[in-house]
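Structure record follows, encoded as structure tokens.
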Amino acid sequence: MIPTAFDYQRANSLDDALAKLAAANGNGKLIAGGHSLVPLMKLRLNEPQLLIDIARIPGLSGIREMDGKIEIRAGTVHHDVATSALLHQHCPVVSDAAAEIGDPQVRNRGTLGGSLAHADPSADYPAVMLAVEADIHVKGPKGWRVAKARDFFKDLFTVDLAPDEIIAGVQFAPVRAAAYAKLHQRASHYAIVGVAAALEVSNGRIRSARIGLTGAGAYAIRLTKVEEALAGQALSKETIDAAAKLAGTDLKGVNADIHASAEYRRAMISVFTRRALARALARA
């Protein structure tokens with residue numbers, strides 16, 4: 001199908017984008033890579049009257065270390081996240097996930113901020129943001145605020161982001177003992193099940209664990225039963241195998257579609273939790 005007619009404007013700053021968004025009176029949409037929005041427009045599931053291009057806003061892309069934390073700005077494309085030397089050294093789980101997204105065209109155009117704002121139930125980044133406990137920095141007409149990843153993902157395509165706000169970037173503490181494991185749908189590379197695991201390790205024991213799950217439900221969640229089972233335990237394969245068996249056992253409303261039944265997805269949650277934890281263990 002062909003999208004309905006729309007106007008196009010390019011923003012030169014965050015404040016300019018916010019002003020253009022406000023002037024559109026609810027009929028404007030932000031666009032960077034466009035890999036989420038354009039397909040919806042072609043299907044006429046979204047019919048904005050104005051597209052506001054934020055892809056070339058100075059300073060809205062890049063990855064850096066600042067005050068002991070890693071910052072990824074919202075306009076950073078997936079390819080740059082996947083190939084970042086800083087992330088490979090200090091927080092490889094984020095690069096793991098970015099490298100699994102789509103195909104080269106998607107990775108070279110799609111952006112971190114766009115993925116988080118769209119929050120597809122099978123997207124990779126949400127699980128990782130939960131595992132690294134990211135702070136999501138948002139700007140709106142009233143100024144800046146920070147949304148915690150654990151509170152950001154609310155429901156199907158629903159996040160803690162108002163229509164007049166923009167994601168500017170994310171910040172998180174480095175974590176080396178972390179990894180992402182994914183069962184991907186071969187055509188789209190979306191996650192049938194994706195698990196991000198991050199471990200805090202000290203003296204051969206797991207001080208704490210954070211496990212993010214995507215693909216299985218309406219939105220990304222933490223696997224708290226697995227986290228609780230790992231906390232305080234010895235860092236070993238046996239510990240991981242035992243905890244992974246709990247993954248998904250208490251979930252309700254597991255997705256079922258042409259790619260996988262609910263029963264198969266539930267079984268794969270445990271399998272890919274174990275794989276993610278095993279990779280995190282290897283990095284510890």
Side-chain angles (χ1 to χ4, degrees), residues 33-40 72 76-84 87-88 91-132 134 149 153 156-157 159 178-198 210-223 226 240 244 247-248 251 253-283:
H35 283 282
S36 299
L37 179 59
V38 171
L40 294 177
I72 308 177
T76 308
V77 298
H78 310 318
H79 171 78
D80 290 348
V81 177
T83 57
S84 166
L87 290 172
H88 278 285
C91 201
V93 63
V94 184
S95 292
D96 289 350
E100 294 273 3
I101 295 173
D103 54 31
Q105 181 180 4
V106 172
R107 290 193 292 274
N108 278 281
R109 289 293 299 167
T111 63
L112 170 72
S115 179
L116 294 179
H118 185 59
D120 189 286
S122 296
D124 300 290
Y125 282 135
V128 176
M129 294 298 109
L130 290 173
V132 300
F153 306 103
L156 182 67
F157 297 111
V159 296
Y180 184 64
K182 171 183 175 180
L183 173 62
H184 61 262
Q185 198 280 325
R186 292 192 178 275
S188 67
H189 275 233
Y190 273 113
I192 294 174
V193 166
V195 179
R210 300 181 299 275
I211 317 294
L213 172 68
T214 189
Y219 58 102
I221 61 168
R222 293 265 292 265
L223 294 177
V226 180
I240 283 172
L251 294 184
V254 175
N255 289 342
D257 52 33
I258 61 172
H259 306 300
S261 66
E263 292 77 11
Y264 182 72
R265 267 194 174 87
R266 192 181 298 275
M268 290 301 100
I269 294 170
S270 176
V271 170
F272 282 83
T273 298
R274 185 171 63 252
R275 292 183 185 183
L277 285 169
R279 293 173 189 175
L281 173 63
R283 286 172 171 167

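Start at 1 with the first residue, then count along the sequence.
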Contacts table for residues 99-106: side-chain donor-acceptor under 3.5 angstrom, sequence neighbours left out:
{"from": "D103", "atom 1": "OD1", "to": "Q105", "atom 2": "N", "distance (Å)": "3.2"}
{"from": "D103", "atom 1": "OD1", "to": "V106", "atom 2": "N", "distance (Å)": "2.9"}

Excluding sequence neighbours, so at least two apart, what forms side chain to side chain donor-acceptor pair (under 3.5 Å) with R274? none
Could you pull out all residues at least two apart from N108 that satisfy side chain to side chain donor-acceptor pair (under 3.5 Å)? none
Return the CG to NE2 distance between D120 and H35, rounded to the nearest 0.5 Å. 14.0 Å
Determine whether [X] and [Y] make a side-chain contact, defined as any pair of heavy atoms from C-beta on separated by less than 4.5 Å.
| X | Y | value |
| --- | --- | --- |
| L130 | T214 | no |
| Y180 | V94 | no |
| I192 | M268 | no |
| L183 | V271 | no |
| R265 | D257 | yes |

Run the side-chain contact (heavy atoms from CB on, under 4.5 Å) test against R266 and tell me which residues pass, sequence neighbours left out. L251, V254
Can you list the residues that meet the side-chain contact (heavy atoms from CB on, under 4.5 Å) rule with A181, with sequence neighbours excluded? F272, R275, A276, R279
Ring pair (Phe, Tyr, Trp, His ring centres under 6.0 Å): pairs with one or both residues in residues 102-125, sequence neighbours excluded: H78-Y125, H118-F157
